[in-house]
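Take a look at the structure set out below.
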Amino acid sequence: MAAEILNEYIFGDMRVRYLTDREEGQTGLMILPADMPLPEQMSINGKLESLVQLKLTGDIYDEAYAMGNSMRNGETVRRLRYVSQDHIEIQGVHTVDTVLRDDRGYQVTHHLKWKEGTPYVRISCTFKNQSKDDCTLEMMESFSLGNLSPYMEGDGAECLKLHRLRSVWSAEGRHESIAIEDLQLEPAWDPHAVRCERFGQAGSMPVNKFFPFAVVEDRKNHVFWGVQIAHHASWQMEVYRKDDGLGLSGGLADRELGHWMKRIEAGGQFHTPEAILTAAHTESFDIVTGRLVQAALEGMEHVPETELDLPIIFNEYCTTWGEPSHENILNILESIKGKGFRYFVIDCGWYREQGVPWDVSMGDYEVSKELFPEGLESTVQAIKDAGMIPGIWFEIETVGNAARAYQMEEHLLHKDGKPLTSYFRRFWDMKDPWVRDHLTDKVIGTLKKYGFGYMKIDYNETIGIGCDGAESPGEGLRQNMEASLSFMEKVKQEVPGIVLENCSSGGHRLEPGLMSRTSMASFSDAHECEEIPIIAANLHRVIHPRQSQIWAVIRKSDSVKRIVYSVANTFLGRMCISGDVTELSGSQWEFIEAGMEFYREIVPIIKEGQSYRYGPGVRSTRHPQGWQALLRIGKNGGAYAVIHTFAGELPESIELELPEGCPEEIACVYSDIQVEIHIQDGRLRYCPKENFRAAAVELV
């Protein structure tokens with residue numbers, strides 16, 4: 001089928017091409033590597049896919065077994081016609097707005113933004129009801145790409161793959177690479193039946209099962225298309241096919257996956273979350289994910305000044321296990337002061353009543369008289385006197401069944417008219433003005449009263465499909481989570497310079513929207529596990545390492561070998577120390593402090609660089625075999641590599657082929673023994689001596 005170019009823009013190393021099919025009346029979008037142009041008069045595989053995907057209730061679905069499978073390409077999309085396109089540039093930010101409208105008065109504006117110097121674009125859509133009657137959306141996605149891959153004839157048999165990242169508690173970011181054929185997304189002998197792989201999650205933990213991330217790879221031509229969705233509630237991705245062209249779209253989870261419907265009054269409008277997209281001509285999956293992750297740097301332009309050198313954190317959770325007290329905090333401070341820690345975080349339990357566990361008593365947030373008989377003032381002052389910024393833990397949005405707040409049902413979320421309860425947690429209705437005032441007093445008031453400069457925001461349960469209070473459970477969920485974001489912004493406004501840590505049972509909220517509003521995130525709850533480096537390296541593909549807080553929990557029984565293994569993990573992101581720090585020997589501290597010094601040396605490379613993972617795939621995260629290496633090359637020079645061995649048989653020599661431009665002079669090595677690391681002919685060679693050992697090397 002022939003398609004005409006409507007408009008085309010070169011944004012950095014990407015070609016953004018808008019297409020029109022005058023016969024069908026559709027408007028499409030392609031994002032292509034600029035170094036791989038396509039002909040002006042082009043024949044695309046299959047029908048031209050619309051650049052927007054939405055569905056109104058009552059409109060006809062796509063044909064051929066679509067219902068329950070996908071809401072794409074139904075009557076709502078087919079009736080839209082191109083109206084106009086505007087391109088404006090303001091202070092280096094380019095915006096392309098494409099307006100579509102149907103004869104009923106429904107209008108959709110497709111927004112594409114590109115900031116000069118960045119390797120990605122941001123896409124969102126706005127629906128306007130310009131008719132005389134109310135209507136109801138039951139699906140509206142943020143982006144849609146079609147006709148993949150345009151570089152191949154036909155259906156590109158055995159040349160297309162889907163990459164996605166699975167995620168479960170304490171095992172986040174598992175890379176899954178699947179041939180399109182294995183997903184049964186080959187077209188049939190007749191382009192009739194809809195095939196769709198729709199995946200995502202329903203709930204308030206956006207990284208629960210999958211990350212909001214997808215990459216389609218054309219293996220024949222070495223082209224990747226990648227996307228992340230910036231939304232911290234229910235979301236979906238769709239890999240769709242009916243003919244030779246493959247479609248990729250995503251955004252809010254629809255009525256079928258996310259129980260979402262949204263009523264739009266006459267004259268009203270709705271705006272989708274943002275999607276971040278890129279296209280790259282490369283043979284490296286790590287390159288395309290590195291391009292997406294760079295979007296986080298825009299959110300880092302206004303971080304608190306104290307964050308500029310990625311300082312080291314001490315968190316007492318794995319020291320006290322939810323039993324912080326004035327006395328034990330003083331003991332910890334005596335052991336760690338003067339060692340280079342910037343933040344000292346008082347974790348959960350500071351509010352608990354005697355005999356009541358910390359994880360069922362959050363919500364009231366009265367300082368524990370048992371743990372802090374004189375209040376928090378003297379404890380916080382001791383932290384400041386030791387030269388550190390005091391931090392504190394809150395689980396803002398939930399309440400435990402031992403808290404008085406648990407009984408305040410009129411201020412909690414409901415489902416089917418009953419308080420929404422998950423085992424021993426309930427959820428504040430974050431839209432409720434009373435709740436906002438209560439949290440302003442308890443959370444912001446505490447931060448101000450004691451002078452905390454750091455807040456760890458935890459979140460340890462998911463709301464699920466949604467709640468009462470809106471036209472659908474999914475819309476109730478979306479509105480509640482938007483109100484949560486609004487409160488976090490209020491914290492930043494009322495406590496200038498506050499450092500916010502995004503935690504959700506570790507890594508359940510590692511999505512671009514929330515990450516752009518916080519300084520860093522807990523990478524996982526895998527605090528003391530051998531699999532930490534596996535998870536930490538996985539996360540380089542979805543969050544920026546400068547935001548990935550990785551824990552080294554040191555025990556008094558740890559050998560030096562184990563200490564180095566743990567400390568080296570933190571080189572894969574932000575360094576955080578916890579554990580038996582009051583009982584460590586001088587030799588144990590010697591290796592910890594050597595690791596802290598190594599970390600400070602590589603901070604500029606963590607802040608800006610490109611990561612590459614090496615090694616065989618790890619089948620079992622809990623019982624890893626083989627080895628792994630992560631190389632990160634700094635934007636302004638320098639590089640470092642972190643190598644971990646696991647169980648099983650090891651090779652005689654581990655070799656890393658260094659990418660072009662990687663420095664090759666060894667500046668220093670961090671390990672528990674003298675190790676053999678050499679660079680020759682563009683290859684770094686490391687001779688592993690033992691299982692579960694780590695070594696790190698800085699290159700200049």
Side-chain angles (χ1 to χ4, degrees), residues 309-321 323-347 379 382-391 527-530 532-533 536 549-603 606 640 642-645 666-677 688-698:
D309 59 351
L310 311 188
I312 300 170
I313 306 113
F314 183 88
N315 185 303
E316 53 74 34
Y317 178 66
C318 289
T319 307
T320 72
W321 292 111
E323 295 278 340
S325 69
H326 177 70
E327 182 180 356
N328 61 31
I329 288 174
L330 290 185
N331 289 336
I332 294 168
L333 291 172
E334 189 61 31
S335 299
I336 69 170
K337 66 182 180 182
K339 295 188 182 297
F341 294 96
R342 181 80 56 84
Y343 306 127
F344 186 104
V345 182
I346 303 172
D347 211 284
T379 309
I383 294 170
K384 294 178 179 178
D385 290 345
M388 286 173 264
I389 295 170
H527 294 121
E528 302 185 54
C529 308
E530 292 169 336
I532 285 177
Q549 185 187 120
I550 302 163
W551 287 37
V553 178
I554 311 299
R555 295 296 173 207
K556 60 183 178 181
S557 58
D558 283 350
S559 65
V560 169
K561 173 189 169 187
R562 171 66 187 189
I563 288 172
V564 168
Y565 185 97
S566 298
V567 171
N569 296 336
T570 70
F571 303 159
L572 300 174
R574 295 290 300 273
M575 177 179 280
C576 179
I577 305 291
S578 192
D580 302 337
V581 293
T582 62
E583 303 176 82
L584 300 180
S585 68
S587 61
Q588 288 174 312
W589 269 115
E590 180 183 343
F591 281 89
I592 296 170
E593 292 184 84
M596 294 169 72
E597 181 57 34
F598 187 97
Y599 169 81
R600 282 187 281 265
E601 287 292 320
I602 63 173
V603 158
I606 297 172
Y640 70 93
V642 185
I643 305 168
H644 284 82
T645 61
I666 295 174
C668 63
V669 174
Y670 177 69
S671 188
D672 62 301
I673 60 171
Q674 188 170 354
V675 296
E676 296 180 42
I677 297 181
K689 300 293 186 183
E690 198 174 346
N691 300 111
F692 294 105
R693 171 164 273 140
V697 56
E698 182 187 6

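Basis for what follows: all heavy atoms, side chains included, without hydrogens, waters or symmetry-related copies.
Taking 4.5 Å as the limit, some side-chain heavy atom of R342 sits within range of a side-chain heavy atom of D309. Taking 4.5 Å as the limit, some side-chain heavy atom of M575 sits within range of a side-chain heavy atom of V567. Between Y343 and C576 the shortest side-chain heavy-atom distance does not fall below 4.5 Å. Contact annotation: the side chain of V560 never approaches that of E590 to less than 4.5 Å [non-hydrogen atoms, C-beta and beyond]. Contact annotation: the side chain of I592 never approaches that of K339 to less than 4.5 Å [non-hydrogen atoms, C-beta and beyond].
Each of T319, I554, V345 was scored for a side chain to side chain contact (heavy atoms under 4.5 Å, CB included) with S578, with one residue passing: T319.
Within the model, atoms CD1 of I313 and CZ of F341 stand 10.0 Å from one another, a figure rounded to the nearest 0.5 Å. Interatomic distance, NE2 of H644 versus CD1 of I532, reported as 8.5 Å (0.5 Å rounding). The distance from the CE atom of M388 to the CD1 atom of I312 is 11.5 Å, given to the nearest 0.5 Å. I563 CD1 to S587 OG: the interatomic distance, rounded to the nearest 0.5 Å, is 7.0 Å. Atom OG1 in T582 sits 9.0 Å away from atom CG in N328 (nearest 0.5 Å).
A salt bridge (Lys or Arg N to Asp or Glu O under 4.0 Å) check over residues 559-569, counting only residues at least two apart or in different chains, returns the pairs K561-E690.
Closest heavy-atom contact between V564 and A694: CG1-O, 3.8 Å. Residues Y565 and E530 approach most closely at OH-O, 2.6 Å, considering heavy atoms.
W551 and Q549 share a side-chain donor-acceptor pair at under 3.5 Å.
When the side-chain hydrogen bond (donor to acceptor under 3.5 Å, both in side chains) test is applied to S671, no partner is found at least two apart in sequence or on another chain. Considering only residues two or more places apart in sequence or on other chains, E528 meets the side-chain hydrogen bond (donor to acceptor under 3.5 Å, both in side chains) condition with R555. Residues satisfying the ring pair (Phe, Tyr, Trp, His ring centres under 6.0 Å) test with Y670, not counting sequence neighbours, are F571. In this structure H527 satisfies the side-chain hydrogen bond (donor to acceptor under 3.5 Å, both in side chains) test with no other residue, sequence neighbours excluded.
Between the side chain of T379 and the backbone N or O of H326 there is no donor-acceptor pair closer than 3.5 Å. Under the 3.5 Å distance criterion, the side-chain polar atoms of Q588 are matched with a main-chain donor or acceptor of D558. Y640 places no side-chain N or O within donor-acceptor distance of the main-chain N or O of E601, the cut-off being under 3.5 Å. A distance-only check finds no donor-acceptor pair linking the side chain of R600 to the backbone of L310 [under 3.5 Å]. Using a distance-only test at 3.5 Å, with no hydrogens or angles considered, no donor-acceptor pair links the side chain of D347 to the main chain of T320.
Shown here is E327, whose CD atom has no more than 12 heavy atoms of other residues, nucleotides or ligands within 6.0 Å. Under a cut-off of 6.0 angstrom, the local environment of NZ in K556 is sparse, with at most 12 non-hydrogen atoms contributed by other residues, nucleotides or ligands.
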Distance-only criterion, 3.5 Å: show the donor-acceptor pairs between side-chain atoms of residues 329-338 and protein atoms not counting sequence neighbours.
unit_1 : atom_1 : unit_2 : atom_2 : d
E334   : OE1    : K337   : NZ     : 3.4
S335   : OG     : N331   : O      : 3.3

